[in-house]
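Everything numeric in this text was worked out from a predicted model, so none of it was measured.
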Amino acid sequence: MESDKSIHIKNMVCPRCIAAVESVLQEIDIPYNSIKLGEVELKTDLPDAKRKMLADKLNILGFELLESDRSKTISQIKGLIINQIHHKKEKLKVNLSTFLADNLHQDYSSLSRLFSSVEGITIEKFAMRQKIERVKELLFYDEHNLSEIAYEMEYSSVAHLSTQFKKETGMTPTEFKRNKSAVRSSIDGLD
């Protein structure tokens, strides 16, 4: 059950985001127990004046303090997916729907309907887009070959990864790497 002292913040997607939010909380002198992607557990209730100040400072940094239960739930769904795809090394032992339902203590069909109605895409499509963003990152840093990336991102094959990548980005992973190299060369030429 969610505490009255939990606040939810939209657009927290990485450890740097956690550090930025932590800095704002310290600056405004808001005591907290913990911070994780999309959520802060406060030590005390947040007075309206501090809530407004926090919302304003977060907005400047590109974050949004969420107020409604619907927005909080959507933020939690996104946070769980982003964290799992971008930051966890262990693969899920259950499918995504079970993972979300278990973590959010809600029926997956309700979560799915809510997400689709507000975001205009399915949870699965959002997760797939996050996987493609992670693949782009792995391709950009050139530390893994396509077979390793396909395995790490749980694609059934390199062909499946390539098909989904092209469908989402309009180019193959190889074309993406080639374009990345051209961009890097032009940037290097500016030095």
Report the C-alpha separation of His87 and Leu37 in whole Å, then their side-chain angles, then the decisive distance to 0.1 Å, and conclude whether the side chain to side chain contact (heavy atoms under 4.5 Å, CB included) test is met.
CA-CA 11 Å; His87 308 294; Leu37 292 176; 4.1 Å; yes

[X] vs [Y] side-chain heavy atoms within contact, under 4.5 Å:
X      : Y      : answer
Glu64  : Ile9   : no
Val135 : Tyr155 : yes
His160 : Gln164 : yes
Asn179 : Met171 : yes
His86  : Glu133 : yes
Arg51  : Ile7   : yes

How long is the gap from [atom1] on [X] to [atom2] on [Y], to the nearest 0.5 Å?
X      : Y      : atom1 : atom2 : answer
Leu46  : Leu65  : CG    : CG    : 7.5 Å
Lys10  : Lys72  : NZ    : NZ    : 15.0 Å
Glu27  : Leu54  : CD    : CG    : 10.5 Å
Ile123 : Arg113 : CD1   : CZ    : 11.0 Å
Ile35  : Glu22  : CD1   : CD    : 4.5 Å
Lys78  : Gln130 : NZ    : CD    : 9.0 Å

Between [X] (side chain) and [Y] (backbone), is there a donor-acceptor pair under 3.5 Å?
X      : Y      : answer
Glu119 : Leu114 : no
Thr163 : Ala159 : yes
Glu39  : Lys36  : no
Lys50  : Asp29  : yes
Gln84  : Ile81  : no
Asn103 : Phe99  : yes
Ser116 : Ser112 : yes

Testing Ile82, Ile77, Ile74 for side chain to side chain contact (heavy atoms under 4.5 Å, CB included) with Phe126, which one passes?
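Single side chain to side chain contact (heavy atoms under 4.5 Å, CB included) partner of Phe126 among Ile82, Ile77, Ile74: Ile82.
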
Above 12 or not: heavy atoms from other molecules or residues under 6.0 Å from [atom1] of [X]?
X      : atom1 : value
Lys57  : NZ    : no
Tyr151 : OH    : no
Lys88  : NZ    : no

Please identify each residue that fulfils side chain to side chain contact (heavy atoms under 4.5 Å, CB included) with Asp107, with sequence neighbours left out.
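Applying side chain to side chain contact (heavy atoms under 4.5 Å, CB included) to Asp107 gives Ser109, Ser110.
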
If I compare all heavy atoms of [X] with all of [Y], which pair ends up nearest, and what's the gap?
X      : Y      : result
Pro31  : Thr44  : CG-OG1, 4.3 Å
Tyr32  : Val40  : CB-CG1, 3.9 Å
Glu148 : Glu143 : OE1-O, 4.3 Å
Phe176 : Phe140 : CE2-N, 4.3 Å

Glu152: which residues meet the salt bridge (Lys or Arg N to Asp or Glu O under 4.0 Å) condition with it, sequence neighbours left out?
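In terms of salt bridge (Lys or Arg N to Asp or Glu O under 4.0 Å), with neighbours along the sequence ignored, Glu152 is linked to Arg134.
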
Taking only Lys NZ, Arg NE, NH1 and NH2, and the carboxylate oxygens of Asp or Glu, determine whether Glu168 and Lys125 approach each other closer than 4.0 Å.
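Yes, Glu168 and Lys125 are salt-bridged.
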
Do the side chains of Lys52 and Asp56 get close enough for a salt bridge, i.e. N-O under 4.0 angstrom?
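Result for this pair is yes, salt bridge flagged.
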
Checking Val158 against Ser147 for the side chain to side chain contact (heavy atoms under 4.5 Å, CB included) test, could you report, in this order, the C-alpha distance in whole Å, the side-chain angles of both residues, the deciding distance, and whether it holds?
CA-CA 6 Å; Val158 171; Ser147 294; 3.7 Å; yes

Under the side chain to side chain contact (heavy atoms under 4.5 Å, CB included) rule, what do Thr169 and Glu175 come out as? Steps first, then yes or no, please.
CA-CA 10 Å; Thr169 66; Glu175 290 168 335; over 6 Å; no

Might you work through the side chain to side chain contact (heavy atoms under 4.5 Å, CB included) test for Phe63 and Val24, ending with a clear yes or no?
CA-CA 11 Å; Phe63 302 116; Val24 169; over 6 Å; no

Are Val94 and Leu104 connected in a single hydrophobic cluster, I mean Ile/Leu/Val/Met/Phe/Trp/Tyr linked by side-chain heavy atoms less than 4.5 Å apart?
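Linked, Leu104 and Val94 end up in one cluster.
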
